[in-house]
Amino acid sequence: MVSHAHLAMVLFFLTTTTLTLVLSTLLLHFMWPAKRKWDPRGQHCYVTGGSSGLGLAVAIALTRRGAHVSIIARNEERLMNALGEMEKVRTNANQKLQTFSFSLTNAESSSMALEAASQAHDGVPPHAVFLCAGASTPGFFVEEDAKSLQRGMENTYWVQAYSALAYTKQIVHRKTPGKLIFVSSLLGYMSIIGYSSYAPGKHALRGLAETLRSELLLYDCSVHIMFPGNINSPGLIEENRFKPKITLELESTSKPESPQVLAESLINGVQRGEFHITADILGDIFRSSTIGATPHNNVILDGVYATIGWIGLPLWRRDVDSTVLKHRSEHSDYLAARGFYSSSSL
Amino acid sequence: MLQLSDFQSAVLTSIFATLLVIWAMWPTKKWDPRGQFCYVTGGSSGLGLAVAKALTNKGAHVTIVARNEERLAKALAELEELRQNPNQVIRSYSYSLTDADSSKAALEVASKDHSGKHPDAVFMCAGAATPGFFVEEDANSMRKGMDNSYWIQAYTALAYTKAIVRDKTSGKLVFISSLLGYMSMLGYSTYSPGKYALRGLAETLRSELILYDCTVHIMFPGNIDTPGYAEENRTKPKVALEVDSSDKPTAPDVLATQLIYGVQRGDFHISPDMLSNIFRSSTIGATPHHNVLLDGLYAVAGWIGLPLWRQGVDSKVLKHRNEHEEYLAAKGFFKTVL
């Protein structure tokens, strides 16, 4: 029969063992990194969406670390400004800092951009490709149409997938090593009202990354994918112009993260060889709670995050659901005011 | 204080566990397809046909939509054989579902049979997979893959949701994703993104359609024993076939039963078997649980088992490196100007 004393001993034993395991793992993790960290110094890094927001922060952080950096975006003025900021943190005269204006929502253009950037490096493809390009235009599903949904997919998925395709083919063709880095979103781990044109593409990026992590074991290319929350960038300001009031309300409690902090997290994650990269504890909780067959970053820590998620995420979600529920009649008035119910064409 | 003997504790625990399992699995039939207008895309073959047959058998009005007219005619005949009463409206229409206007037109035409009233439930079973190596894909094949996994359901979902919100009627949106919407591996770069995207859409809509009277459901089956699967295996890389080989494809009728069951129970994510339940619980995030305790068991099983499974797949891929390089060389990959 189990007595109190027995239970106490077992609990004490379990607690000490767990604490020891956690502490020793943390110790080993920080003091003795398992593999030699990837060093961006002297490496050619290709950054899409590199003229603003997260992409620009990544480009600057890589420049500071001594990498050759090529940034790709559409707007030439922004590209020029970005180059100016990168030049400020140049560490040596040999660093090749370049800008290229190309559309990345077009496959051929994405391929040409890559080739153009490789030219200054004797045609050798970049060592690492940071796919930071993306944009979000939230809205109510019933107010979307096929075109806006397609545009959403272009600006979340294709804007990165085309570059990934062009790059992978290049490095396999030339038998050079590579790093493919996608940027998804917390909305690639879950979704809420207002993101029907955005979350599918961000989820799709995860699907592609999971496939490629497995498949590119055939070659010498590592795959990484980051899942940040809202980023304090011009992109977010633009995004918030269209965001439904209720979505804004739901997000009001979380502060957007600085692109510089996220850029550091991203580069550190790539250096550590992490597949899924998250920037804060919320990201780690979502990552661990949706981990499935995805490689762990740390089996024990991830277990802790997953347990917190198991309890906390349903509570959070129920709260979101009840906020949406309360919004029903206001939403009905909103649609009526926009003539939704009287419209003969949908 | 209550003192229990070991035996008494064991008995009580077993009874409790059994009751828990019974409670979890007890079907609470909230939705009855009888007399309901059900719209089934991809309804002329495979899973869609099995779903259409099951619904017809249960007395629903069933309209199937697909492209091939011959297959639709055959399917319609099979549905007629299962007709339960003369009042059932059983129809078939040939429309492309990878086109937004066509998807909308199909829905409107189907609703005409019901005096303009839109379906009570939409089962989006349409989909196809064409596996292959990523380096052998191009923009066209990737877009086609997204059309055949994501848009083929999303366009219908859009048309349907707008219609029922405008009409202020109630509805059910039922998506079909795949285990490849919970995880992925070599060979599925044109398919898995679309299946993940369906989950992203379903998660958004489960939250958003709380504003209206529409429930959202999404099933994640493994391989289905259908003509579609036979077609898929024609282009599937050898390594992926190897991984498949340990897992027998499921009969579509079994999945159809599980799907309808899940919709009746009001499940959001519908898991037709143990593996699907393990993946569901291991990737659950903020998605509603079926049963917090049972899901916990599945998640623990996944926490231990899935890394082992994945490491097995990874090591198969690694062993395949040389053979794959020879394969690419034989196809002239290294010589072609990219």
Side-chain angles (χ1 to χ4, degrees), chain A residues 1 107 140-142 144 146 149 153 157 161-162 165 168-170 172-173 188-196 199-208 210-212 214-215 217-218 286 289-293 295-296 303 309-310 313-314 316-317 320-321 324-325 327-328 331 340-341 343 346, chain B residues 5-6 100 133-135 137 139 142 150 154-155 158 161-163 165-166 181-189 192-201 203-205 207-208 210-211 279 282-289 296 302-303 306-307 309-310 313-314 317-318 320-321 324 333-334 338:
Chain A
M1 196 167 77
F140 290 114
F141 189 52
V142 296
E144 304 286 353
L149 288 185
M153 189 65 84
Y157 180 70
Y162 288 144
L165 181 66
T168 306
K169 288 168 116 162
Q170 283 290 337
V172 173
H173 186 81
Y189 279 143
M190 58 87 187
S191 190
I192 62 171
I193 185 173
Y195 289 108
S196 55
K202 287 308 194 178
H203 273 71
L205 284 174
R206 182 181 182 176
L208 183 60
E210 300 286 349
T211 312
L212 297 183
S214 164
E215 190 164 329
L217 288 171
L218 292 171
F286 271 112
S289 305
T290 64
I291 203 150
H296 286 269
W310 194 263
L313 293 179
W316 168 79
R317 187 208 66 246
V320 173
D321 286 356
V324 174
L325 200 60
H327 200 74
R328 276 176 71 128
H331 179 71
F340 182 83
Y341 299 109
S343 162
L346 284 176
Chain B
S5 72
D6 288 336
F133 290 112
F134 189 51
V135 296
E137 303 293 350
M142 283 183 68
Y150 180 69
Y155 289 145
L158 181 68
T161 306
K162 287 167 103 160
V165 171
R166 191 198 53 192
Y182 278 143
M183 59 84 187
S184 191
M185 46 168 277
L186 173 149
Y188 294 103
S189 57
S192 177
K195 289 308 195 179
Y196 265 79
L198 284 175
R199 181 183 183 173
L201 183 61
E203 300 285 348
T204 313
L205 297 184
S207 165
E208 189 164 328
I210 289 171
L211 291 172
F279 270 112
S282 305
T283 64
I284 202 148
T287 301
H289 286 268
W303 194 265
L306 293 180
W309 169 80
R310 186 206 68 243
V313 177
D314 284 357
V317 175
L318 282 168
H320 199 73
R321 278 174 70 122
H324 179 69
F333 180 84
F334 298 109
L338 283 179

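Protein chains get the first letters and strands the later ones, always in sequence-line order, with residue 1 at the start of each.
Listed options B/Thr161, B/Asp314, B/Leu318 were ranked by heavy-atom pairs under 4.5 angstrom with chain A; first place goes to B/Asp314. Among A/Ser214, A/Gly201, A/Pro314, the residue making the largest number of heavy-atom pairs under 4.5 Å with chain B is A/Ser214. The choice from A/Phe140, A/Phe286, A/Trp316, A/Tyr189 that makes the most heavy-atom pairs within less than 4.5 Å of chain B is A/Phe140. Taking A/Leu313, A/Leu325, A/Leu217 one by one and counting their heavy-atom pairs under 4.5 Å with chain B, the maximum is reached by A/Leu217. Here B/Trp303 is the residue among B/Trp309, B/Tyr188, B/Trp303 with the most heavy-atom pairs under 4.5 Å with chain A. Ranked by non-hydrogen atom pairs under 4.5 Å with chain A, the options B/Gly302, B/Pro288, B/Gly187, B/Gly181 are led by B/Pro288.
For the pair A/Glu210 and B/Ser192, the minimum side-chain heavy-atom distance is 4.5 Å or more. The shortest distance between side-chain heavy atoms of B/Tyr155 and A/Leu149 does not fall below 4.5 Å. Taking the side chain as every heavy atom from C-beta outward, B/Phe134 and A/Leu212 approach each other to under 4.5 Å. For the pair A/Trp310/B/Ile284, a side-chain contact is recorded, criterion being any heavy-atom separation below 4.5 Å from C-beta on.
If you measure heavy-atom distances from A/Tyr341 to chain B, the contacts under 4.5 Å come from both the backbone and the side chain. Of the two parts of B/His320, the backbone and the side chain both hold a non-hydrogen atom closer than 4.5 Å to a non-hydrogen atom of chain A. Heavy atoms of A/His327 lying under 4.5 Å from chain B belong to its backbone as well as its side chain. Of the two parts of A/Leu218, the backbone and the side chain both hold a non-hydrogen atom closer than 4.5 Å to a non-hydrogen atom of chain B. Only the side chain of B/Tyr150 comes within contact range of chain A, with heavy atoms under 4.5 Å apart. Contact annotation for B/Leu201: both backbone and side-chain heavy atoms come within less than 4.5 Å of a heavy atom of chain A. Of the two parts of B/Arg321, the backbone and the side chain both hold a non-hydrogen atom closer than 4.5 Å to a non-hydrogen atom of chain A. For B/Phe279, the part lying near chain A is the side chain, with the backbone staying farther off; criterion is any non-hydrogen pair under 4.5 Å. For chain B, the nearby parts of A/Arg328 are the backbone and the side chain; heavy atoms of each come within less than 4.5 Å.
Considering all non-hydrogen atoms of both residues, B/Ser207 and A/Val320 come closest at OG-CG1, 4.4 Å. Of all the heavy atoms in B/Arg310 and A/Ala293, the pair that sits closest is CD-O, 2.9 Å. Taking all atoms of both residues into account, the shortest heavy-atom contact from B/Phe334 to A/His173 is O-CE1, 3.2 Å. Shortest non-hydrogen contact noted between A/Ala161 and B/Met142 is CB-CE, 4.1 Å. Looking at every heavy atom in both residues, B/Ser189 comes nearest to A/Tyr157 through O-OH, 4.1 Å. Of all heavy-atom pairs between B/Ala197 and A/Met153, the closest is CB-CE, 4.2 Å.
Here the OH-CD distance, from A/Tyr195 to B/Glu208, works out to 11.5 Å after rounding to the nearest 0.5 Å.
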When you look at B/Leu211 and A/Ile193, which way does the side-chain contact (heavy atoms from CB on, under 4.5 Å) test go after all the steps? CA-CA 9 Å; B/Leu211 291 172; A/Ile193 185 173; 3.6 Å; yes

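A donor-acceptor pair under 3.5 Å is absent between the side-chain atoms of A/Thr168 and the main chain of B/Val135, judged by distance alone.
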